[in-house]
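Since we're looking at a predicted model, the values are computed, not measured. Numbering starts at 1 and runs along the sequence shown.
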Amino acid sequence: MISRGLYTLQFKTKQNFEENLAHLKSLIINCEAQSIILAPEVCLTNFCYQRMEEASEFAKVATEVLLKLSLDRTIVLSMIEQYHKGFYNTLKVFHKGDLLHLQNKHKLFPLGDEHLHFQAGDIEEITPFNLDGLKCGAINCFELRFIEIWQRLKGCDLIFVPAQWAKERKDHFQTLTKALAITTQSFVMASNGANDSMAKGSCIITPFGYVINDDLKKIINYKANFDDITKVRKFMNIGL
């Protein structure tokens, strides 16, 4: 039996990058050792289109801090990075003091002008990866709307969904994350921002579709028994 503490975060991002990192660090420290922690999309800087160079340089500082924090925890989040003469929304998985997985956001959100400021990542980067025997995958915010991306993560045990999802479309966020868990028969962790325009709705969803959430909290946690995946896939066999 694999049992792990899952923690999904929900907090506001301020204009001061250093304060955001300090806040994230304090939340991570409050999560138990050997846990898996998901933070909102670009939570250290938000979509600071007028400060992209500064954000990409700060990502280097944040990466070093998160590598150290991940010695006894797994930390998942996205940050703004620059390479190949362009900016990318880069999702990173920090695990045991190393960078376990990296993928750049492939589907850019046109209503937020992301396509005007970011380069699109290669869809081939959206692929399952192994985390201590768990088959994991990640979907970055707007990518949640695309069924072809869900299909790339078929058979995963745990799927991460960091987001900055607007409150006007909160119902979409809740519906899609729950449907993702039920359709893939996996645990889903979703972490959304808590700024005034954001939907909150951070949650952990079991393969049976049970949702753990609380919009009043900065940390939502659940002790996941990954044997539940075997149970639901045996009970409701859909070929996974």
Side-chain angles (χ1 to χ4, degrees), residues 2-10 31 35-41 43 73-78 91-93 95 100-101 103 105-107 126-165 169-194 198-215 217-233 235-236 238-240:
I2 299 178
S3 180
R4 295 291 290 270
L6 307 181
Y7 291 78
T8 185
L9 308 182
Q10 182 171 256
C31 301
S35 60
I36 299 173
I37 304 160
L38 175 65
E41 180 186 24
C43 62
R73 296 171 177 85
T74 301
I75 305 165
V76 184
L77 79 167
S78 83
L91 184 145
K92 293 182 173 182
V93 181
H95 179 66
L100 177 67
H101 176 76
Q103 66 187 63
K105 191 173 185 179
H106 174 66
K107 294 291 189 180
I126 304 175
T127 186
F129 56 93
N130 185 282
L131 196 166
D132 290 342
L134 296 174
K135 187 177 181 181
C136 298
I139 294 174
N140 196 345
C141 197
F142 184 56
E143 294 175 338
L144 184 61
R145 293 184 178 273
F146 297 87
I147 190 66
E148 65 266 28
I149 292 180
W150 293 28
Q151 291 170 334
R152 295 186 65 81
L153 302 180
K154 180 179 178 180
C156 281
D157 303 311
L158 176 61
I159 300 175
F160 304 104
V161 186
Q164 291 290 342
W165 201 284
R169 295 174 291 278
K170 183 172 184 174
D171 180 62
H172 293 193
F173 186 62
Q174 293 173 319
T175 301
L176 288 167
T177 50
K178 187 171 182 178
L180 176 65
I182 294 170
T183 302
T184 60
Q185 296 180 326
S186 63
F187 282 93
V188 168
M189 296 176 66
S191 178
N192 196 31
M198 293 296 107
K200 295 186 178 179
S202 295
C203 60
I204 299 163
I205 310 171
T206 75
F208 293 99
Y210 176 67
V211 181
I212 301 95
N213 62 355
D214 189 335
D215 282 357
K217 291 184 177 181
K218 292 183 178 181
I219 301 175
I220 296 101
N221 69 289
Y222 180 74
K223 193 75 169 182
N225 179 354
F226 285 90
D227 284 348
D228 287 349
I229 295 170
T230 303
K231 291 176 183 177
V232 71
R233 291 179 182 174
F235 174 72
M236 190 66 67
I238 58 173
L240 294 176

Is E41 close to K105 at the side-chain level, that is, under 4.5 Å between some pair of heavy atoms? yes

Side chain to side chain, T206 and D228, heavy atoms closer than 4.5 Å: no

I'd like to know whether S202 forms a side-chain contact (heavy atoms from CB on, under 4.5 Å) with S191, so could you lay out the CA-CA distance, the side-chain angles of the two residues, the decisive distance to 0.1 Å, and finally the verdict. CA-CA 4 Å; S202 295; S191 178; 4.2 Å; yes

Could you tell me whether E143 and R152 have a side-chain N and a carboxylate O separated by less than 4.0 Å? no

Nearest-0.5 Å distance that lies between atom CG in L6 and atom CD1 in I204: 5.0 Å

Using side chain to side chain contact (heavy atoms under 4.5 Å, CB included) as the criterion, list what pairs up with L144, not counting sequence neighbours. I139, W150, V161, W165, F173, L176, T177, L180

Any salt bridge linking D214 with K200? Criterion: basic side-chain nitrogen under 4.0 Å from a carboxylate oxygen. no

On the 0 to 90° scale, with breaks at 30° and 60°, tag the F129-F160 ring pair as parallel, tilted or perpendicular. parallel

Are any of the side-chain heavy atoms of D157 and S186 separated by less than 4.5 Å? no

Quick check on K217: does its NZ atom have over 12 non-hydrogen neighbours (other residues, nucleotides or ligands) under 6.0 Å away? no

Within a radius of less than 6.0 Å around CZ of F208, do more than 12 heavy atoms belonging to other residues, nucleotides or ligands occur? yes

Output yes when a side-chain donor or acceptor of T8 lies under 3.5 Å from a complementary backbone atom of M189, and no otherwise. no

What distance separates L9 CG from N192 CG, expressed to the nearest 0.5 Å? 12.0 Å

Side-chain heavy atoms of S78 within contact of K92, under 4.5 Å: no

Less than 4.5 Å apart, any side-chain heavy atom of P162 and any of N140? yes

Atom CG of D215 and atom CD1 of I220: how far apart are they, to the nearest 0.5 Å? 7.5 Å

Might you point out which heavy atoms bring V232 and P207 nearest each other, and give the distance in Å? CG1-CB, 3.6 Å

Decide whether H101 and Q103 meet the rule of one side-chain donor and one side-chain acceptor closer than 3.5 Å. yes

Close side-chain approach of L134 to I36, heavy-atom, < 4.5 Å: yes

Is there a side-chain contact between I159 and C136, using heavy atoms and a 4.5 Å cut-off? no

Got a second to check how far K135's NZ is from K154's NZ, nearest 0.5 Å? 9.5 Å

What distance do T127 atom OG1 and L153 atom CG have between them, rounded to the nearest 0.5 Å? 8.0 Å

Could you pull out the closest heavy-atom pair between G201 and Q10, with the gap in Å? N-OE1, 3.1 Å

Here the pair of heavy atoms bringing A39 nearest to L77 is CB-CB, 3.9 Å

Do you know the tightest heavy-atom contact between A181 and I205? CB-CG2, 3.5 Å

Take L131 and R4, measure what side-chain contact (heavy atoms from CB on, under 4.5 Å) needs, and give me the verdict at the end. CA-CA 11 Å; L131 196 166; R4 295 291 290 270; 4.1 Å; yes

Separation between CZ (R169) and OG1 (T175), nearest 0.5 Å, reads 13.5 Å

With the side chain counted from C-beta on, respond yes when V76 and I37 share a heavy-atom pair under 4.5 Å apart, and no when they do not. no

Is K107 positioned over the aromatic face of F146, cation under 6.0 angstrom from the ring centre and no more than 45 degrees off axis? yes

Is it the case that the side chains of D132 and H95 hold a donor-acceptor pair, with the cut-off being a distance below 3.5 Å and no angle test? yes

Provide the closest heavy-atom pair for C203 versus V211 in the form atom of the first, atom of the second, distance. CB-CG1, 4.0 Å

Closest non-hydrogen contact found for S3 with K223 is OG-CE, 3.6 Å

Hey, mind stepping through R145 and H172 against side-chain contact (heavy atoms from CB on, under 4.5 Å) and telling me if it holds? CA-CA 9 Å; R145 293 184 178 273; H172 293 193; 3.0 Å; yes

